[in-house]
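Okay, so here's the structure we're looking at.
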Amino acid sequence: MGLNTRIIVHIMGLLLLCNGSFMLVAAFVSGLYKDGVTLDISLAAIVTMLFGVMAMFYTRGHRKEVKRKEGYIVVTFGWIIMSISGTLPYLFSGAIPSITDAFFETISGYTTTGASILNDIEALPKGILFWRSLTHWIGGMGIIVLAIAILPLLGIGGMQLFAAEAPGPAGDKLHPRITDTAKRLWLIYFGYTVAETVLLNLAGMSLFDAMNHALATLSTGGFSTKNASLAYWNHQPIIQYITILFMFLAGSNFVLSYFAFTGKVQRILKDEEFKYYSIFIVLFALAAFLVVNYKVEVPVSDFHPMVWGATESAFRHALFQVVAIVTTTGFVTADFTSWTSFLTVFFFGLMFLGGSAGSTAGGIKVMRHLLIIKNGILEFKRTLHTNAVIPVRYNEKTVTEHIVYNIIAFFVLYMLLFIIGSLVLGFMGLDFVSAIGGAASSLGNVGPALGDLNPVSNYASLPAAGKWWCGFLMLLGRLELFTVLILMTPYFWKKT
């Protein structure tokens with residue numbers, strides 16, 4: 001039996017229909033603020049939905065079965081189709097007239113990377129700013145379903161290990177329980193977004209800014225409505241502490257939030273990944289704080305004179321940037337590349353850590369790092385006891401060799417792609433620091449990078465080819481590498 005192309009096209013149509021519906025929400029916001037682009041965004045929504053309806057209409061009566069091959073195609077092309085259609089509000093409104101720039105901004109949104117080519121964000125109409133933030137939120141919502149429901153079934157990058165922890169399905173075909181799991185997790189995702197919006201609004205943000213930053217935080221995206229990002233509120237510490245809390249939650253496994261709300265607190269306390277995710281953030285934040293506090297002069301404008309002064313500001317900046325980079329959110333309160341050479345290298349290293357499996361964060365993920373380290377340590381024992389069977393254990397369960405090999409392969413491939421990504425950017429004219437920073441940040445879906453792409457700059461200076469390349473790296477990193485790369489292998493397309 002060949003590829004079920006009708007179900008693939010049907011799902012693409014459904015995605016376009018959903019995307020168009022979200023555009024109508026952005027058009028509604030545009031109408032509320034009378035920013036002059038309501039008709040442009042509405043037209044983009046109508047065009048998108050029209051294509052969606054046509055795709056669904058012509059593929060009605062399809063065979064309702066999604067196998068592995070279809071799964072890979074749906075995931076990869078789903079993100080591409082969403083990104084292509086998502087450029088329409090930018091193009092129709094003239095907010096970003098260049099197709100290259102519009103696509104870069106859109107794929108950066110859907111992959112929750114948060115890298116931008118915009119030089120003056122605050123000059124954009126409110127409706128466009130809201131659409132920009134919505135692309136994050138849609139992408140983050142999709143990532144939850146991807147991590148919980150799809151990738152474990154496809155056997156991607158060791159994510160089948162995570163499937164054992166998630167309250168979801170088992171087996172090779174999509175199961176009705178996926179829908180139930182996704183609904184519960186979406187409800188948590190939506191609830192967190194509303195909660196952060198309310199808290200940020202009460203803390204002093206306008207309702208519009210609060211909504212946009214909540215959408216960007218829970219998706220670990222990083223798009224802000226201000227040119228200075230969260231540094232705009234450096235004199236209001238409470239706003240930044242609220243953002244830190246929700247970045248931490250967004251970077252943790254959403255299934256653990258589900259356990260928390262259902263009273264299964266012991267499951268959270270016993271979870272190895274969450275334990276080390278928390279420990280890493282505390283230790284890294286402490287290290288950054290000590291350097292910032294004793295080696296960096298924090299500007300007086302960066303702290304509230306009534307709240308502990310410079311020491312508190314150093315602590316807040318250090319904690320904020322560590323959480324923002326580890327969770328790959330990418331918000332900034334300061335240019336961490338100007339904080340000493342040590343901290344530049346330090347934060348560059350954090351770009352490879354990533355948040356938890358089952359979160360909206362990008363990167364390699366804490367779970368994979370843990371298993372690679374555990375396996376590496378056990379290799380010493382295996383060397384001494386050559387006949388002994390010494391398995392890797394995770395959350396008090398034995399991890400199969402297949403999963404360990406899968407994770408090692410993922411890590412090797414990730415580092416290889418980082419090197420290739422850096423070489424390509426270097427070939428395009430970027431200096432060494434900018435090239436390695438841009439590749440690491442794009443592949444890890446972080447946002448801010450190093451050199452010319454530093455936290456207080458943007459990606460506008462990249463050549464057109466560089467923007468397409470970084471967009472490709474963002475897609476690779478967001479979809480766990482194998483999902484995209486397997487489509488480039490000749491044996492994938494052979495009839496079985």
Side-chain angles (χ1 to χ4, degrees), residues 76 79 104 107-108 111-115 143 151 156-159 220 222 251 280 284 324-330 336-337 341 343-355 357 361-373 376 405-455 457 459 461-463 465-489:
T76 302
W79 247 265
F104 181 92
I107 199 165
S108 178
T111 58
T112 72
T113 304
I143 286 303
L151 293 182
I156 294 298
M159 293 301 279
T220 64
F280 286 157
F284 294 149
I325 299 297
V326 169
T327 62
T328 73
T329 307
F336 57 77
T337 61
S341 299
L343 284 180
T344 301
V345 177
F346 176 80
F347 281 109
F348 174 67
L350 291 187
M351 290 180 187
F352 293 89
L353 181 59
I364 293 173
K365 304 290 191 301
V366 173
M367 178 188 76
R368 290 194 181 103
H369 284 290
L370 280 177
L371 289 169
I372 289 169
I373 292 167
Y405 293 152
N406 199 310
I407 288 171
I408 292 171
F410 178 93
F411 185 80
V412 171
L413 191 57
Y414 192 97
M415 298 311 295
L416 188 63
L417 286 166
F418 159 66
I419 294 168
I420 295 169
S422 302
L423 285 171
V424 171
L425 290 176
F427 180 76
M428 291 177 182
L430 273 71
D431 62 84
F432 174 73
V433 174
S434 301
I436 63 169
S441 182
S442 298
L443 196 57
N445 307 122
V446 178
L450 311 177
D452 295 336
L453 312 176
N454 67 67
S457 185
Y459 287 63
S461 61
L462 277 178
K467 290 169 184 171
W468 288 100
W469 177 248
C470 282
F472 174 63
L473 291 178
M474 290 174 199
L475 186 69
L476 278 177
R478 184 72 281 179
L479 301 185
E480 306 283 334
L481 310 185
F482 295 116
T483 320
V484 181
L485 294 177
I486 198 170
L487 300 184
M488 300 177 186
T489 59

*Can you see which heavy atom on L450 is nearest to which on T344, and at what distance?*
CD2-CG2, 4.0 Å
*Indicate the atoms forming the closest heavy-atom contact of T76 with T483, along with that distance.*
OG1-O, 3.2 Å
*Determine whether L473 and F418 make a side-chain contact, defined as any pair of heavy atoms from C-beta on separated by less than 4.5 Å.*
no
_Aromatic ring pairing F280/F284, orientation class (parallel under 30°, perpendicular over 60°, tilted between)_ = parallel
*Please lay out, stage by stage, how N454 and S457 fare under the test side-chain hydrogen bond (donor to acceptor under 3.5 Å, both in side chains).*
CA-CA 5 Å; N454 67 67; S457 185; 4.9 Å; no
_Given 3.5 Å as the limit, does a donor-acceptor pair link the side chain of H369 with the main chain of F352, or not?_
yes
*Between T220 (side chain) and G251 (backbone), is there a donor-acceptor pair under 3.5 Å?*
no
*asked:* Restricting to non-hydrogen atoms, name the atom on P463 and the atom on L430 that form the minimum distance, rounded to 0.1 Å.
replied: CD-CD1, 4.2 Å
*For residues A440 and M351, report the shortest heavy-atom separation together with the two atoms involved.*
CB-SD, 4.2 Å
*Between V484 and W79, is a side chain to side chain contact (heavy atoms under 4.5 Å, CB included) present by the stated rule, with each step listed?*
CA-CA 10 Å; V484 181; W79 247 265; over 6 Å; no
*asked:* Taking G447's backbone N and O only, do any of them form a donor-acceptor pair with S441's side chain (distance below 3.5 Å, no angle check)?
replied: yes
*Report yes or no: does D452 contribute a side-chain atom to a donor-acceptor pair with the main-chain N or O of S434 at less than 3.5 Å?*
no
*Do I364 and I372 have side-chain heavy atoms sitting under 4.5 Å apart?*
no
_Between F411 and R368, is the side chain to side chain contact (heavy atoms under 4.5 Å, CB included) condition met? List the steps._
CA-CA 8 Å; F411 185 80; R368 290 194 181 103; over 6 Å; no
_Atom of S108, atom of A115 and distance for their closest heavy-atom approach_ = OG-O, 2.6 Å
*Are any of the side-chain heavy atoms of T111 and S442 separated by less than 4.5 Å?*
no
